[in-house]
Amino acid sequence: MNKKYDFQTIEKKWQDKWQKEEIFKVTEDPNQPKYYTLEMYPYPSGRIHMGHVRNFSILDVISRYKTMNGYNVLHPIGWDAFGMPAENAAIKEGIHPKKWTLDNISHMKSQLKRLGFSYDWSREVNTCLPEYYKWNQWIFLKMFERGLAFRKKSTVNWCPECQTVLANEQVINEKCWRCDTEVEQKHMEQWFLKITDYAEELLSGHKKLHKWPQNVIAMQKNWIGKSRGAQLNFKVSDSDISIETFTTRIDTIYGATFLVLSPEHPLCHKLIEGSEDEEFKRQWIQDNVRQQHTGEVISEEEKEGIFTGKTAVNPFTHENIPIWIANYVLMEYGTGAIMAVPAHDERDFQFAQKYSLPIREVIVPEGNKEKEESDGLFTEYGKLINSGPYTGMTSEEAIPEMIKFLQDKKLGKGTVLFRLRDWGISRQRYWGTPIPIIYCKKCGIVKVPYKDLPIALPSDVEFKGEEGSPLEKSKSFVQTKCPLCHGEARRETDTMDTFFDSSWYYFRYCSPDEKNFPFDPDKADYWLPVDLYVGGVEHAILHLIYARFFCKILRDLGLTDIDEPFPHYLGQGMVTKDGSAMSKSKGNVVDPDEMIGKYGADTVRLFILFAAPPEKEFAWDDQGIEGCFRFLNRVWIFFQENLDLFGKTEEADHSEDELSGEIKDIQIKMHQTIKKVTQDIGERYHLNTAISSIMEFFNQIKKASSVLRSNSPGRKILKQCMTVLLKLISPFAPHVSEELWELTGHTSLLFHSLWPEYEDSFVKEETVTVVVQVNGKLRDKFEAERNTPQEEIKSRALSLDRIQKYVKDKGPKKVIYIKNKLVNIVV
RNA sequence: GCCGGGGUGGCGGAAUUGGUAGACGCAAGGGACUUAAAAUCCCUCGGAGGAUUUCCUCUGUGCGGGUUCGAGUCCCGCCCCCGGCACCA
C-alpha cells in the first residue's frame, strides 16, 4: 500500500526545518550576484486574504527560482502598521492601537508561515515601532532643513468620518479613499512635502521604467499632468493691476476676445468694486465659490458668469477686452484666470454663445483637412489667420515666435505647468509618526534636535473619536521646552500620513537594525534597486509616486546612488470570485486558512498561480483548486510507485542507438520543459504557462513510465525526468517536492540544489512535422527528418494524395517552404 | 472628451518572431472498476453538415475592409468592455 499524500504533516515538517536552519537568511556577499524581490508590505488588518496569497506566492516562486540559479536573494517582509483601523478598533473596542496591531501581526505571521514563504524573518520591519518611525522623523527633519517639508495654509480635503485631512491622491470621486465618506473642504495650516520640485524628474524618470506596465506609467503621467505653454499678463485698462494667465495655445491669442477669472481669484472683488450691481456680483461670487467645491463638472447650461465692468488689454492686438468671472474656471489649476478664445476652445465657445461675446476665428485647418462642420469650432493646431505678423504661420511655428515676443516685451514667458500638487502629510490622528516639530512663541517653528529622536507616541491618550488630534489631549506630549530658548513650547500634534512610512521601507530591509541612519548606505548599495516589485495596481499613483519621490530625496541626501527604486514593477491583478472582488459585504470571501487546511499550502500556491497570468484578474474557482490538488496527488502517488528506482544503481551506460523511441521522446520533452519553465519564470513571469508545461511533462512521464521501466536506459532516463520534475515544481510547491526529494535519497535540501539546465541539441526533435497547406489552408502533414533539403520536402508534399487532389488540374503556381515547419502550395 | 489596456470554446486561459487556433486545467457527456458511492483510470469535447471504422467538407479568435503565399497576431475604419484622468485653459 502506498503512502498517502499527507500534506499536513509534510508541510509542518519542512516549515519547521526551514525555520530552524534559517535557510532564507541572507547576508551581503559581493562575490555573489544579488536579487531583491519585494512585495508591497501588508497592512496588519488581522487576517491575510487571497490577494496577499497571490502577491506573495508570485514572489516566492521567483525568489526560490533565483536562489536555485545561484543568486543571493533578499526576500523580506514587514508591516505597514500605522493607520486608521487600529485607531477605530481602539475607539470601538477599547483596545490600544498598539496591542491591536501587534496581535494582528502575530496572527498574520503564523498564517504566512503556514504558506511556506521564503522570508528572511530576521529583517522584519514594523513601521509602528519607534525603531522604525524614528527614521521617518529623521528624514522629515532633513526635508525640513532643505525646504522640502514646509507649512502652508490651504484649503484641504477633510474627511468627517476619519476626522482627518486627506491628500489629493486619497480623494476618489470626491470621497474618502478609505471610508467612502463625502469629503469636505477646510482651511487649515498643514505640513506639505515639496513633491512638485521633483515633478519633472518623476516624469522623465519614466524613461528608465520600461519594465513597468504601460497603464501605470500612463496614470502617473496623467497625474503629474505636465503642460507646456505660456504665461502672459493682461494689464487691466486704466489701472495698474495686471492679470496673469496661462495658456497652452498662445497661437490663438489674436482670437482672445475676453478674459475669465475663477470666482476664487483674489482679484475678483477688486475688479467689481464700484461697478453697477456690485452687491449682486459680490453675492454671485460667494455662491459660486461654494459651488466650485462640490467638485461636480459644470454642464454647458450651468456655465455662468458675470461681467466685472472692467476691461484689459490684449498685449498682441492692443484691444480692450472685457473681464468676466465664470464658474467654469478653476482656481487650483494654472493662475485661476484664462484668456478666452471662443473660436478655438469648446468651453469658451459655449460661454461666448450664451453671453453673446465676440468670436473671432484665427486658426484654420492646414492643407486640405476639412474643418469640423458642426458649429464653427476648431480646436486643433492649424494655420494662423487674422493674426497680424503671424498670419500664415502654422501653430507650431507661431508658438515659439510669440513666446519670444512676450519675453522681449516682458509681458510673459514660456512656462511649464504641472497638475501635481504638493503632498499634504499632516493627519489629525494618533496612530502615526509624530511630526518632530516644536512651536515656540519666541522662536517660531523649531525642529526637534536629532538627539531627541524618536519623539515617541504617548501612552496616556484616550480614544473617544472626538474631533481634533488625540495627541492634543495628551499634556505630557504637548507641553515641552523650546530647544532654542528653553522657554515653554508646544509640540506639533499632527502625525504623518502613513504613505510616508511606505515610501522608504524597502531601504530599511537592507539593514533593519541600523542605529545611526535610516539604513546603512553600503548595504543598500549592495541590495538596491529592487529587482522585482509586485503589488496591486491600486497603488499605481499614490505609493508608487511617493516611493519614487523619496528615493530621489534620499539620493539627494547622499544616502544612495539610485534614481529609481523599482526598475521592474509587476502589477498583480485582483482576486475575484463570482465576478467581483472578494468582500465581506458580497459574501464571496475565500479564507486562505480554510483552503490550506483542506488542500495544503502547496496546492493553494499552485492554484493561485495557475489559472491566470500574474497581471490579470484571477477568478477563484472552488473546483479549479481540486484540479491542482489532484495533480499534486498524482505526482505523489507516481513517486511512491517508482521509489524503487532510486534505491538501486543501474548498470553501465548503454550506447545511444539502443535508446528506444519513448526514451528519446521523453528526453526531448524534458529539455523542452526545462527551457520553457526557465523562460516562463525567469523572463516572462508567466507562471501559469510554466505550470501547464510542467503538467504536460508529467503527463508524458506517466504515460511512458511502464515502457521506460522495462529496460535499463529507460529506468535511467525516468529517474532523471523525475528528478528534473521535482526541481521544476519546487518553487511552486516547495513542501511536497522537498519531501519527495528526501524520499528519493537526497540528503541536502532541494532548495539548495541547482536549477536544471537544458541542452539546445535536445530541445529540437530529430523529426519534425511538416504542415502542408494549399492556399494557406491546412490539408495534410507528414513527418520528416530535421533539416531535410528543401527540394525533397517540396516534392514529398506535392506527391501526397490529398494535395494532388487540389493541385492536379492547375499545377502549383508557387511553393513556399518554411524550414522544418510548413509547405504552402499556391494554386 | 482624453489616456491606457482588452475582446479567442460552456468557463479560467494557451498560441513567445505573421506559419497546425483552442495547450494546460475546470465543467460536461460516455465508459471501466465497485454491492453502491467516493476516489482513481480510459475515451469524447468550438460550431455546422456529410460519411459513419479509422474519416471528409465547410465554418470559426468583437464587426467591416486591407496587406500577405499565409493574419488571433500587422495596417485602416467601426462596435463593445475594463481601468485611470477629467471645465487642466
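Chain naming here is simple, since letters A, B, ... match the order of the sequence lines and numbering starts at 1 in each.
OP1 or OP2 of B/A89 lies within a sub-4.0 Å distance of a side-chain N or O belonging to A/Ser227. When the side-chain nitrogen and oxygen atoms of A/Gln214 are compared with OP1 and OP2 of B/G5, one or more of them lie within a distance under 4.0 Å. For A/Lys781, no side-chain nitrogen or oxygen approaches OP1 or OP2 of B/U20 to under 4.0 Å.
Residue A/Pro613 is in sugar-phosphate contact alone, with no base atom involved, counting any heavy-atom pair closer than 4.0 Å across all strands shown. A/Asn688 comes within contact range of the sugar-phosphate backbone alone, with a heavy-atom separation under 4.0 Å but no base atom that close. If you check every strand for non-hydrogen atoms under 4.0 Å, A/Lys813 touches nothing. Residue contacts for A/Val826: at a heavy-atom cut-off of 4.0 Å it reaches the sugar-phosphate backbone alone, with no base atom in range. Using a 4.0 Å heavy-atom cutoff across all strands shown, A/Glu683 reaches no nucleic acid atom at all. Base contact: A/Lys676 has a heavy atom under 4.0 Å from a base atom.
Under the 90° criterion around 0 for the glycosidic angle, B/G64 counts as anti.
Atom pair A/Leu687:CG and B/G12:C1' shows a separation of 16 Å (rounding to whole Å applied). In this structure, A/Asp680 places its CG atom 11 Å from P of B/U16, rounding to the nearest Å. Between A/Ile608 atom CD1 and B/G13 atom P there is a gap of 13 Å when expressed in whole angstrom units. One atom, CD1 of A/Ile541, and another, C1' of B/G4, lie 12 Å apart when rounded to the nearest Å. Look at CD on A/Gln220: it is 18 Å from C1' on B/C2, rounded to the nearest Å. Atom NZ of A/Lys819 is separated from atom C1' of B/C69 by 20 Å (rounded to the nearest Å). Atom CG of A/Leu609 and atom C1' of B/G12 are 14 Å apart (whole Å).
For B/C69, the base has a donor-acceptor partner in the side chain of A/Asn824 [N/O atoms by modelled type, under 3.5 angstrom]. The base of B/U59 does not come close enough to the side chain of A/Lys777 for any donor and acceptor atom to sit less than 3.5 Å apart.
For A/Phe7 and A/Trp636, the gap between ring centers reaches or exceeds 6.0 Å.
Side-chain contact between A/Ile625 and A/Tyr599: present, with at least one pair of heavy atoms (C-beta onward) separated by less than 4.5 Å. In this structure the side chain of A/Val823 never reaches within 4.5 angstrom of the side chain of A/Ile816, judged on heavy atoms. A heavy-atom distance below 4.5 Å is not found between the side chains of A/Val260 and A/Ile325. No side-chain heavy atom of A/Asn688 sits under 4.5 Å from any side-chain heavy atom of A/Lys616.
Shown here, B/C78 forms a base pair with B/G62; the pair counts as Watson-Crick or G-U wobble because both key distances fall under 3.5 Å. Pairing of B/C33, defined by two Watson-Crick or G-U wobble distances under 3.5 Å, is not identified with any nucleotide. Base-pair partner of B/G83: B/C3 (Watson-Crick or G-U wobble, both distances under 3.5 Å).
The nucleotide whose nearest atom lies closest to any side-chain atom of A/Leu822 is, among B/C85, B/G12, B/G19, B/G19. Checking B/U20, B/G13, B/C69 against the side-chain heavy atoms of A/Lys814 singles out B/C69 as nearest.
When each of A/Lys702, A/Glu696, A/Gln700, A/Met695 is checked for a side-chain contact (heavy atoms from CB on, under 4.5 Å) with A/Phe698, only A/Lys702 meets the rule.
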All N/O contacts under 3.5 Å from nucleotides 24-31 of chain B to the protein, with atom names and distances to one decimal?
from, atom 1, to, atom 2, distance (Å)
B/G25, OP1, A/Asn699, ND2, 3.2
B/C26, OP1, A/Arg630, NE, 3.3
B/C26, OP1, A/Arg630, NH2, 2.7

Quick one: which protein N/O atoms are closer than 3.5 Å to N/O atoms of nucleotides 51-57 of chain B? Pair and distance per line, please.
from, atom 1, to, atom 2, distance (Å)
B/C56, OP1, A/Arg802, NE, 3.3
B/C56, OP1, A/Arg802, NH1, 3.0
B/C56, OP1, A/Arg802, NH2, 2.8
B/U57, OP1, A/Tyr806, OH, 2.9

